[in-house]
Amino acid sequence: MQTPAVAGDLFGADVDTASAYAHLLASRGVEWGLIGPREVDRIWERHVLNSVAVSALVPEDATVVDVGSGAGLPGIPLAIARPDLRVTLLEPLQRRATFLVEVVDELGLGDRVRVIRGRASQASDQDPLVHRGRYDVVTSRAVAALPKLVQWCEPLMEPDGRIVALKGSSAAREVEESRGALRKRGLVADVHPERAYPDAEPTWLVLCRRARR
């Protein structure tokens, strides 16, 4: 699988690490059932490069948690592209968490990426798998509809933190239909179409912040 030229612009000196990750997704990720076989030809464009678009809404030196990280998207590409970040990959399923631990170790990202087997939920939930950390940025990709997502993610936000959710082209409609759920959690949201690189298809990011009082 060839590394696209644009990857050098996005990942800089760490482009070889990004390439190694793409190959892991296309091989072990498929073998473990985390990536569909039909996705192999689109690993770079649809998964790795697409994830980097999140960077536009992530402040410098931020702590980031990737909720329901799965195969490490968007958390691992984000961590490779942004070595200033400290990234937590939060994944409840043991098989996926094991995959993430192996990948982080093999890519040499352990100094800035950690894997936690756990899940996000309401703060009152007493399940021992519920993770109760606080972060500057809570991100997710293809995890849940926005009302459910903010219910899970809001307890993980620092007081001045934000949620950055990767959504599809219907993101604006989803935000509009979720106003009540957002208001209940004390949040406001808007949609940001971002491109990882100039010729890329837009990635629709929903940015949620706490409402000003």
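- Although no hydrogens or angles enter the test, the distance criterion places a donor-acceptor pair under 3.5 Å between the side chain of R134 and the main chain of P155.
- Between S51 atom OG and L10 atom CG the span is 11.5 Å, to the nearest 0.5 Å.
- Rounded to the nearest 0.5 angstrom, Y21 OH and L73 CG are separated by 3.5 Å.
- Of all non-hydrogen atoms in M157 and C208, the two that sit nearest each other are CE-O, 4.3 Å.
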Start with the C-alpha gap between R173 and K167, add the side-chain angles, then the distance that decides, and say whether side chain to side chain contact (heavy atoms under 4.5 Å, CB included) holds. CA-CA 11 Å; R173 185 177 74 242; K167 289 289 184 178; over 6 Å; no

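- When the shell of 6.0 Å around CZ of R183 is examined, it contains 12 or fewer heavy atoms from other residues, nucleotides or ligands.
- Using a 4.0 Å cut-off between a side-chain N of Lys or Arg and a carboxylate O of Asp or Glu, E39 and R42 qualify as a salt bridge.
- Residue V103 forms a side chain to side chain contact (heavy atoms under 4.5 Å, CB included) with just one option from L24, V113, T98, L109, and that option is L24.
- Side-chain atoms of R117 and Q94 include a donor-acceptor pair closer than 3.5 Å.
- When the side chain to side chain donor-acceptor pair (under 3.5 Å) test is applied to D136, the partners found at least two apart in sequence or on another chain are T63.
- In terms of heavy atoms, L100 sits closest to E91 at CD1-CB, 3.9 Å.
- Cation-pi geometry between R95 and W32 is met: the NZ or CZ atom falls under 6.0 Å from the ring centre, inside 45° of the normal.
- Here the straight-line distance linking atom CG of L90 with atom CZ of R114 works out to 9.0 Å at 0.5 Å rounding.
- Distance check: R46 CZ to I35 CD1 gives 9.5 Å after rounding to the nearest 0.5 Å.
- For residues 59-70, no residue pair satisfies the salt bridge (charged side-chain N to carboxylate O under 4.0 Å, His left out) rule, not counting sequence neighbours.
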Side-chain donor-acceptor pairs under 3.5 Å in residues 195-206, sequence neighbours left out?
from : atom 1 : to   : atom 2 : distance (Å)
R195 : NE     : A200 : O      : 2.9
T203 : OG1    : N50  : ND2    : 2.8

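- Of the possible polar contacts, one joining the R210 side chain to the P159 backbone as a donor-acceptor pair under 3.5 Å is found.
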